[in-house]
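Notes to accompany the following structure.
In what follows, residues are counted from 1 in the order of the sequence shown.
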Amino acid sequence: VTTYGIPAYEEMDPTPLLAFSFVLMFGMMFGDLGHGLVLTVVGALAMLRVVPFLAPIANLGGILVACGASSALFGLLYGSVFGVESLVPPLWLHPLEGIFTLLGVSVAFGVVLLNIGFALHIITAIRRRQLRKVIVDRYGLVGVLLYWSLVGSVLLIATGRGEPIWLAAGAVLLAGMLFFSDPLTNLLTGERPLFRGNLGEGLIQAFFELFEALISYVSNTLSYVRLGAFAVAHVGLTTVVLLLADMVSGGGGIHVLARGLVLVLGNLFVIGFEGLIVGIQTLRLEYYELFGKFFTGTGVPFQPLTLPSLDAAHPANRAR
């Protein structure tokens, strides 16, 4: 969180939310029992500082342990151990066999997380007494209702039920309220005139702000598809490692050694390369899709007042 910014006085501290959602999303994208346990061991060794070359990442040890444990848990759900899906039965599904289910759950999780961000935006706006951001803002009450009307319309159309007239009319009405957010705010606060500045420029700006809000609803929601997509990609990479190991295996001797070497190096590559990518993607979902809703990070770190110590042995201080 502090890498992004320090919470301001009126802002909600996103640390508890990030601590839960980051670990959960990482595990979902990096789900493998074997890889997760390796990551947990690496994090524990880093925390204990028993391995010299892991000392520089000692502060990340706790995060690695948590992410590794989450990955191991999702590995059980996926039934994957170092890419092998025949050792343990999946508690949920194999990613390659349930791609659409996995993607659907990813989007649903994104919808829930985004709405938590909307709620924190409204709470922060209330604490700051910003009436417009509470009501007529893309992430305020009107924006949340518009978002849910769009989600409801998509779900009804996708399931073949059709969109009711009242839902479409409500979405249009809410979009109109966002479009006229400035005059509506002035009307609620009693400020006059309702329209300020050039009317034509104001209408153009309002149009593009509404268009940007609608695009952000769609893009932010679909961004969470990557949770399922990277889970499938993780399986794909480990499958490639297993295929390469089968290609070099033969009758025995050097071939067995070569197969073992390919398996070890291939899995280490997957853990390092895929783990780094998944960490970056998870952080992106936190910083851009979630933090952008309610968190500005414009605070200043608290530093208590300290007085310089006096040296009692100094002659001047003894005289005092």
Following the transitive rule for hydrophobic clusters with a side-chain heavy-atom cut-off under 4.5 Å over Ile, Leu, Val, Met, Phe, Trp and Tyr, establish whether Leu261 and Val264 coincide in one cluster. no
Nearest 0.5 Å please: distance from the CG atom of Leu290 over to the NE2 atom of His121. 13.0 Å
Heavy-atom pair with the smallest gap, counting every atom of Ser106 and Leu227: OG-CB, 3.5 Å
For a 4.5 angstrom cut-off between non-hydrogen side-chain atoms, does Asp137 reach Phe118? no
Cluster overlap Leu237 with Leu265, hydrophobic side-chain contacts below 4.5 Å: no
So Arg284 and Arg226, do their side chains get closer than 4.5 Å, heavy atoms only? yes
Which residue in the set Leu77, Val105, Ile99, Thr101 passes side-chain contact (heavy atoms from CB on, under 4.5 Å) when paired with Leu93? Thr101
Could you state the interatomic distance from CZ (Phe230) to CE (Met28), rounded to the nearest 0.5 Å? 13.0 Å
Per the side-chain contact (heavy atoms from CB on, under 4.5 Å) rule, which among Asn115, Thr124, Ile122, Leu114 passes with Lys293? Leu114
Which label fits Phe26 and Phe30: parallel for a plane angle under 30°, tilted from 30 to 60°, or perpendicular past 60°? tilted
Between Ser216 and Ala213, the two heavy atoms sitting closest are OG-O, 2.6 Å
Using 0.5 Å steps for rounding, measure from the OG1 atom of Thr15 to the CZ atom of Phe22. 13.0 Å
Side chains of Leu242 and Leu263 in contact at under 4.5 Å (non-hydrogen atoms): yes
Heavy-atom side-chain proximity of Thr296 to Phe291 below 4.5 angstrom: no
May I have the step-by-step check of side chain to side chain contact (heavy atoms under 4.5 Å, CB included) for Tyr147 and Val111, ending in yes or no? CA-CA 10 Å; Tyr147 177 80; Val111 170; 3.5 Å; yes
Within the side chain of Asp32, is there an N or O that forms a donor-acceptor pair under 3.5 Å with the backbone of Gly83? yes
Side chains of Ser153 and Glu163: donor-acceptor distance under 3.5 Å anywhere? yes
Carboxylate-amine/guanidinium proximity below 4.0 Å for Arg128 and Glu10: yes
Ser21 to Leu113 - nearest heavy-atom pair and separation: CB-CD1, 4.1 Å
Does the side chain of Phe180 reach to within under 4.5 Å of the side chain of Leu210, using non-hydrogen atoms? no
What verdict does the side chain to side chain contact (heavy atoms under 4.5 Å, CB included) test give for Glu85 and Val235, after you've listed the backbone C-alpha separation in whole Å, the side-chain angles of each residue and the deciding distance to 0.1 Å? CA-CA 9 Å; Glu85 297 184 342; Val235 175; 3.6 Å; yes
For the residue pair Arg132 / Ser181, report whether a side-chain donor-acceptor contact shorter than 3.5 Å exists. yes
Are any side-chain N or O atoms of Thr238 and backbone N or O atoms of His234, one a donor and one an acceptor, separated by less than 3.5 Å? yes
Cluster check Phe273, Met29: I/L/V/M/F/W/Y, side chain < 4.5 angstrom: yes
What are the two closest heavy atoms between Val1 and Leu18, and how far apart are they? CG2-CD1, 4.2 Å
Quick one: CG on Leu33 to CG on Leu87, what's the gap to the nearest 0.5 Å? 9.5 Å
Backbone N or O of Ala8 within a donor-acceptor pair of the Thr298 side chain at under 3.5 Å? no
Kindly give the heavy-atom pair with the smallest separation between Ala125 and Lys133, and that separation in Å. CB-CB, 3.8 Å
Tyr4 vs Tyr287 aromatic rings, parallel, tilted or perpendicular, using cut-offs 30° and 60°? tilted
Does Leu187 share a hydrophobic cluster with Phe179, counting links as ILVMFWY side-chain heavy atoms below 4.5 Å and allowing steps through other members? yes
Tell me whether His35 contacts the main-chain N or O of Phe82 through its side chain, where contact means a donor paired with an acceptor under 3.5 Å. no
Testing the basics here: between Pro14 and Phe295, what is the closest heavy-atom pair and its distance to 0.1 Å? CD-CE1, 3.8 Å
Val107 side chain reached by Thr221 side chain, heavy atoms, under 4.5 Å: yes
Tyr9: which other cluster members, linking ILVMFWY side chains closer than 4.5 Å, directly or transitively? none
Candidate pair Glu11 and Arg127, rule salt bridge (charged side-chain N to carboxylate O under 4.0 Å, His left out), full reasoning: CA-CA 8 Å; Glu11 285 186 321; Arg127 296 175 66 174; over 6 Å; no
Enter the distance from Ile135:CD1 to Leu178:CG here, rounded to the nearest 0.5 Å. 12.0 Å
Check step by step if side chain to side chain contact (heavy atoms under 4.5 Å, CB included) holds for Ile6 and Val300. CA-CA 6 Å; Ile6 304 297; Val300 178; over 6 Å; no
Using the rule that Ile, Leu, Val, Met, Phe, Trp and Tyr join whenever any side-chain heavy atoms are under 4.5 Å apart, tell me whether Leu64 and Leu73 fall into a single cluster. no
Backbone N/O of Cys67 and side chain of Ser70: donor-acceptor pair under 3.5 Å: no
Would you find a donor on one side and an acceptor on the other, under 3.5 Å apart, between the side chain of Glu289 and the backbone of Ser223? no
Can you find a heavy atom in the side chain of Tyr217 that is under 4.5 Å from one in the side chain of Leu146? yes
By the definition side-chain contact (heavy atoms from CB on, under 4.5 Å), identify the one residue from Leu167, Leu174, Leu145, Leu214 that meets it with Leu150. Leu214
Distance, nearest 0.5 Å, that separates OG of Ser71 from OH of Tyr78: 9.5 Å
Are any of the side-chain nitrogens in Glu209 or Arg138 under 4.0 Å away from the carboxylate oxygens of its partner? no
Heavy-atom side-chain proximity of Val151 to Trp148 below 4.5 angstrom: yes
